[in-house]
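Take a look at the structure below.
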Amino acid sequence: MTSVDTTIQLISAGAPGTTCSPDLAKGPWEIDLEPNPGYGPGSSMGDIIPAGAPRQGQLPAEYRDASDIELEARIVAAKATLGDRAVILGHFYQRDEVVAHADFVGDSFQLANAAQTVPNAEAIVFCGVHFMAETADILARSDQAVILPNLAAGCSMADMADIDSVTECWEALEDLYGTEPDETDRVPVIPVTYMNSSAALKAFCGEHGGIVCTSSNAATVLEWAFERGQRVLFFPDQHLGRNTAKAMGVPLEQMPMWNPRKELGGSDAQQLHDARVILWHGFCSVHKRFNVDQIDKARVEFPGVRVIVHPECPMAVVDAADEAGSTDYIRKAIAAATEPTVFAIGTEVNMVNRLAAEYPQHTIFCLDPVVCPCSTMYRIHPGYLAWVLEGLVRGEVINRIEVPADVAEPARVALERMLAVRPGASR
Ligand code: 13P
Ligand code: SF4
């Protein structure tokens, strides 16, 4: 029997046709085996998967054919056998059937920290996406194996900036600005990468005086960078960069975009000279679906509604919302509401539905009426979790994510700079 995400079950029971792709009802293994699998159902923005992206081979039939109940029982049994030899980390955007087994559930920042706090675990099973597993591997001990249950769980936004294009951009900026610090000892430009990026880009930041940020500490990290640099090169998410810098008072005219397919990123030399933040041309397909009309509609239908969106949403959406913050900010804002409140949320639907179930005293709904989960988080199905856990029980490590030492070392420098900068102090 093919398992189906509970989100999709709920929707198909109530209102057929309201998902962004009928393929969401498939098991991810059907997508793994397509000749050009792409990012999977829901990656509706025409995202192109890079040629070298990891591919997931065929999930063994016993897991593909198992019922939800059987998979659940097998995961519980394998976990019990492994005890604290294995720890399961689950991102907020994972499906319920996976989150149910997680030892830690959190945002990318919290899970990066959690990876460092499990000394007894031989294996860290990361139910999130590829860049998160890489980060866990960089921060974990070298004898701990980090496992990504489905190797095809990448992140289309992370893939929008690759090391070659960023290096080319950097060289062009060096030609333009030189490398000498100004009279206040600030270098011409500091690279800042969003956590949603490859280990190679984190390493690039480590090697070039830069730093990593997450959506929960982006403002604090930008402050750190402005103390050390005249400008910031921010990649890959233009929206997080723009929304955060704008809230800090940086004028939009001083935030040119860098499109790697255009000469000088599509800006002219004067714009780049005047820049405070150079924004890479990346975005998240899930958060790009939110728009101001959805917010206007929610305000008409629910006067007094509290609209909270993730800062990966476009600027107009963040401006029209009441608040913007990371997944953890959203969760805490709802948890802290003492009076029954209507919340319209602009982030991934699995997380929103879970919050709605957890806080029945509030009315909580996703701003996007079309159910469109993150297409790569979706690739971690309980079948893959059961497969890797039972592998560990047999002593076999399946789907290990290992960042080579020459990349891991400088990447750790950039991550540690972030962890040292008042971690999680902002949103
Ligand atoms: P958080 O950093 O809030 O966990 O978000 C990660 C992410 O991928 C959002 O799309
Ligand atoms: Fe990447 Fe967007 Fe999915 Fe987050 S929600 S993992 S940014 S594709």
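We count ligands from 1, going down the list as the structure has it; atoms in each ligand are counted the same way.
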- With heavy atoms of Ser215 as the reference, note each atom of ligand 1 found under 4.0 Å away. 1 (P), 2 (O), 3 (O)

- Task: For Arg354 and Phe92, indicate whether the former's side chain and the latter's backbone hold a donor-acceptor pair under 3.5 Å.
- Result: yes

- Query: Between His208 and Phe204, does the ring centre distance come in under 6.0 Å?
  - Reply: yes

- Residue part near ligand 1, for Phe92, under 4.0 Å between non-hydrogen atoms: neither

- Query: Can you check whether Leu355 reaches Met351 side chain to side chain, under 4.5 Å on heavy atoms?
  - Reply: yes

- The atoms of ligand 2 lying under 4.0 Å from a heavy atom of Ser156, numbered in the order shown, are 8 (S)

- From atom 3 (Fe) of ligand 2 out to just under 2.8 Å, does an N/O/S atom of Cys374 turn up? yes

- Task: Consider only side-chain N and O atoms of Ser165 and Asp162, and report whether a donor and an acceptor are under 3.5 Å apart.
- Result: yes

- Message: For the CD atom on Glu263, are there more than 12 heavy atoms of other groups (residues, nucleotides or ligands in this structure) within a distance under 6.0 Å?
- Response: no

- Item | Contact atoms of ligand 2, heavy-atom distance to Asn196 under 4.0 Å | 4 (Fe), 7 (S)

- Message: Suppose I only count heavy atoms of Asn196 and a 4.0 Å limit; which atoms of ligand 1 are within that range?
- Response: 7 (C), 8 (O)

- Message: Under a 3.5 Å distance rule, please check whether Arg417 uses its side chain to pair with a backbone N or O of Gly210 as donor and acceptor.
- Response: yes

- Message: Looking at ligand 1, is there an atom of it that comes within less than 4.0 Å of some heavy atom belonging to Glu348?
- Response: no

- Message: Could you tell me if the side chain of Glu312 sits less than 4.5 Å from the side chain of Asn196, heavy atoms only?
- Response: yes

- Query: Heavy-atom contact under 4.0 Å between His310 and ligand 1?
  - Reply: yes

- Query: Is the gap between the ring centers of Phe302 and Phe365 under 6.0 Å?
  - Reply: yes

- Item | Residue pair Leu419 / Leu139, side-chain heavy-atom distance below 4.5 Å | yes

- Task: Please confirm whether Tyr329 comes under 4.0 Å of ligand 1, counting heavy atoms of the residue only.
- Result: no

- Please check if any side-chain donor atom of Tyr63 sits under 3.5 Å from a side-chain acceptor atom of Glu390, or the reverse. yes

- Query: Short N/O distance, under 3.5 Å, between Glu312 and ligand 1?
  - Reply: yes

- Could you check atom 3 (O) of ligand 1 against the protein and tell me its nearest heavy-atom contact, residue, atom and distance included? Thr327 OG1, 2.8 Å

- In the protein, which heavy atom is nearest to atom 4 (O) of ligand 1, and how far is it? His91 NE2, 2.7 Å

- For Glu348 and His310, run side-chain contact (heavy atoms from CB on, under 4.5 Å): C-alpha distance rounded to whole Å, both residues' side-chain angles, the deciding distance at 0.1 Å, then the answer. CA-CA 9 Å; Glu348 210 265 1; His310 195 280; over 6 Å; no

- Message: Which residue and atom name correspond to the protein heavy atom nearest atom 2 (O) of ligand 1, and how close is it?
- Response: Ser108 OG, 2.7 Å

- Any idea which protein heavy atom is nearest atom 1 (Fe) of ligand 2, and the distance to it? Cys155 SG, 2.4 Å

- Message: Check for me whether Glu312 has a heavy atom closer than 4.0 Å to any atom of ligand 2.
- Response: yes

- Message: Is the terminal nitrogen or CZ of Arg379 (NZ for Lys, CZ for Arg) located under 6.0 angstrom from the six-membered ring centre of Tyr384 and within 45° of that ring's axis?
- Response: no

- Go through ligand 2 atom by atom and flag the ones less than 4.0 Å from a non-hydrogen atom of Cys284. 2 (Fe), 5 (S), 7 (S)

- Which is it for Glu348 and ligand 2 at heavy atoms under 4.0 Å: side chain, backbone, both or neither? neither

- Hey, does His287 sit under 4.0 Å from ligand 1 if you only count heavy atoms? yes

- Item | Test of proximity, Asp107 against ligand 1: N or O pairs below 3.5 Å | no

